[in-house]
A.B. asks: 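A single structure is presented below for examination.
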Amino acid sequence: MKRIVMVAVATMTLLAATSGLTMAAGYGNPQFLVDTNWLALHLNDRDLRIIDMRNSPEEYAAGHIPGALHLAVNQVRLTVKESGFAMPPDYEIEERLGQLGITKETMVVAYDDQGGFNASRLFFTLEYAGHKKVALLNGGITKWTAEERALSKTLPQVSKTVYQVHTETQRVAPAGWIVANLGKPNLALVDARSPAEFRGEDLRAKRGGHIPGAVNIEWTQNLTGDKTFKPADELMALYSQAGVTKDKTIVSYCQTMHRGAVTYFTLRLLGYPDVRGYDRSWSEWGNDPTLPAQW
């Protein structure tokens, strides 16, 4: 009887420890998404770095997930003088990751309070940098606090590391590359902006409209009402019905590659192998009259 109880307890412990990945079952890359149960059980892991990417440092100071460091989204993007943002140079990414105490073996879990809006931008940057161990917290701190889980006001102390990126440059699609590949059957462009922006009615650049051939799947369609990601089958149906299939090269974009980063993350979560982000997005395309546009 005692042995049966011990086996039952061990089984329950194993299920609890893997619940984050069990929850993500069905996705092509389930390791990219963890839930609150998984994170609560792994808070003290030596090789875990939790990154709080809320816009407000004051909110972070008032209470964050224990062990989390705050990282402003401007620290993982480069402001471009003309307009918008771009991927930072390699040395800046290395410096930032080193300041966070991240090594190649560090499991990075990012969260925000906007359904992955900022956290996905970090995911995009880390994939470009060649960092393999990275995930988003499903539902972010919104779900964490709704479950009345512990918060901390302590600023963690970390030791600086030396990080060397091994860039996967194909993760970024510049405007010239997109122009050269427009019209090819193996290219799918996903515009994550609102339908009004896509149609050119909501003008946020000199020109409205969208990149020719793009399909409009607004970034919020990836999420449920509680800001968690929709089940894999729903998301696969959403994209495949729009012609966004795994056999194609997919380029996501929006206005500044934040909403587009959520789309990028979603497609990578689903297991799409060749996903690229147009980091300058419509902030560049819509302001350059030499680039083709469609309404």
Side-chain angles (χ1 to χ4, degrees), residues 8-27 29-73 75-76 97 100-102 105-123 126 131 133-158 219-220 222-232 234-235 258 261-262 265-266 268-269:
V9 170
T11 301
M12 291 175 66
T13 302
L14 178 61
L15 287 172
T18 59
S19 62
L21 297 182
T22 301
M23 173 278 303
Y27 298 108
N29 286 314
Q31 72 276 12
F32 291 153
L33 190 66
V34 300
D35 69 5
T36 52
N37 289 329
W38 184 94
L39 187 57
L41 288 165
H42 291 266
L43 285 178
N44 296 318
D45 285 8
R46 183 174 181 179
D47 290 327
L48 176 69
R49 178 70 67 239
I50 307 171
I51 305 297
D52 183 313
M53 295 202 69
R54 286 177 289 176
N55 287 327
S56 171
E58 292 75 21
E59 289 184 353
Y60 168 80
H64 51 265
I65 295 176
L69 291 173
H70 185 259
L71 180 66
V73 70
Q75 294 178 302
V76 294
L97 297 181
L100 294 169
I102 293 172
E105 300 306 314
T106 303
M107 175 64 179
V108 178
V109 175
Y111 71 84
D112 55 42
D113 55 359
Q114 304 176 79
F117 190 71
N118 288 339
S120 292
R121 179 74 195 205
L122 176 61
F123 179 90
L126 287 177
H131 192 83
K133 296 184 176 183
V134 55
L136 264 60
L137 175 63
N138 201 15
I141 197 166
T142 306
K143 191 170 189 295
W144 184 273
T145 55
E147 295 169 351
E148 298 184 347
R149 296 183 183 273
L151 294 174
S152 172
K153 296 183 179 180
T154 303
L155 178 64
Q157 299 299 311
V158 299
W219 74 282
T220 53
N222 298 304
L223 306 172
T224 64
D226 65 356
K227 297 183 180 179
T228 56
F229 285 87
K230 290 179 178 178
E234 289 186 33
L235 291 170
H258 283 80
V262 177
F265 171 78
T266 302
R268 291 291 294 127
L269 174 65

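Heavy-atom basis, side chains included; hydrogens, waters and symmetry copies ignored. Predicted, not measured: the structure shown is a model, and the values here were computed from it.
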A.B. asks: So His131 and Val108, do their side chains get closer than 4.5 Å, heavy atoms only?
C.D. replies: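 Answer yes - side chains close enough.
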A.B. asks: Of the non-hydrogen atoms in Leu136 and Ser120, which two are nearest, and what is the gap between them?
C.D. replies: CD2-OG, 3.5 Å
A.B. asks: How close do Tyr60 and Leu69 get, counting heavy atoms only, and between which atoms?
C.D. replies: OH-CA, 3.7 Å
A.B. asks: Just verifying a value: how many Å separate Thr106 OG1 and Leu100 CG, rounded to the nearest 0.5 Å?
C.D. replies: 10.0 Å
A.B. asks: Can you tell me how far the CD1 atom of Ile51 sits from the NE2 atom of His70, to the nearest 0.5 Å?
C.D. replies: 10.0 Å
A.B. asks: Let's go through Tyr27 and Thr266 carefully: what are the C-alpha distance in whole Å and the side-chain angles of both, what is the deciding distance for side chain to side chain contact (heavy atoms under 4.5 Å, CB included) to 0.1 Å, and is it a yes or a no?
C.D. replies: CA-CA 10 Å; Tyr27 298 108; Thr266 302; over 6 Å; no
A.B. asks: Ignoring hydrogens, what is the shortest heavy-atom contact between Thr36 and Leu137? Give both atom names and the distance.
C.D. replies: N-CD1, 3.8 Å
A.B. asks: If you take all heavy atoms of Gly115 and Trp219, which pair is closest and at what distance?
C.D. replies: O-CZ3, 4.4 Å
A.B. asks: Evaluate the criterion side chain to side chain contact (heavy atoms under 4.5 Å, CB included) for residue pair His42 and Val34; output intermediate values, then yes/no.
C.D. replies: CA-CA 11 Å; His42 291 266; Val34 300; over 6 Å; no
A.B. asks: Do Arg49 and Val158 have side chains that approach each other closer than 4.5 Å (heavy atoms only, starting at C-beta)?
C.D. replies: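 With C-beta onward as the side chain, the pair touches.
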A.B. asks: When you compare the side chain of Tyr111 with that of Asp52, does any pair of heavy atoms fall below 4.5 Å?
C.D. replies: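 A side-chain contact exists here, since the closest heavy-atom pair is under 4.5 Å.
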A.B. asks: When rounded to the nearest 0.5 angstrom, what distance separates CG in Asn222 from NZ in Lys227?
C.D. replies: 14.5 Å
A.B. asks: Using the ring of each side chain (for Trp, its six-membered ring), is Phe265 parallel, tilted or perpendicular to Phe123, with breaks at 30° and 60°?
C.D. replies: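 Answer is perpendicular, since the angle exceeds 60°.
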A.B. asks: Could you report the tightest heavy-atom contact between Ala232 and Gly26, atom names first, then the distance?
C.D. replies: CB-O, 3.4 Å
A.B. asks: For a 4.5 angstrom cut-off between non-hydrogen side-chain atoms, does Asp35 reach Thr228?
C.D. replies: no
A.B. asks: Kindly give the heavy-atom pair with the smallest separation between Ala150 and Pro66, and that separation in Å.
C.D. replies: O-CD, 3.3 Å
A.B. asks: Could you check whether any side-chain heavy atom of Leu155 comes within less than 4.5 Å of a side-chain heavy atom of His64, counting everything from C-beta outward?
C.D. replies: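 Result no, sub-4.5 Å side-chain heavy-atom pair not found.
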A.B. asks: Mind running side chain to side chain contact (heavy atoms under 4.5 Å, CB included) on Val262 and Phe229 for me, showing each step along the way?
C.D. replies: CA-CA 10 Å; Val262 177; Phe229 285 87; 4.2 Å; yes
A.B. asks: Which of these passes side chain to side chain contact (heavy atoms under 4.5 Å, CB included) with Asp113: Asn55, Ile141, Asn118, Thr145?
C.D. replies: Ile141
A.B. asks: To the nearest 0.5 Å, how far apart are CD in Glu234 and OG1 in Thr224?
C.D. replies: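 Output value for this atom pair is 9.0 Å.
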A.B. asks: Within a strict 4.5 Å, meaning less than it, do heavy atoms of the Met107 and Asp47 side chains meet?
C.D. replies: no
A.B. asks: Check whether any side-chain heavy atom of Ile50 lies under 4.5 Å from a side-chain heavy atom of Leu43, and answer yes or no.
C.D. replies: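 Yes. Closest side-chain heavy atoms under 4.5 Å.
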A.B. asks: With a 4.5 Å heavy-atom cut-off, do Val76 and Met53 have their side chains touching?
C.D. replies: yes
A.B. asks: Walk me through it: do His258 and Val73 pass the test side chain to side chain contact (heavy atoms under 4.5 Å, CB included)?
C.D. replies: CA-CA 10 Å; His258 283 80; Val73 70; 3.3 Å; yes
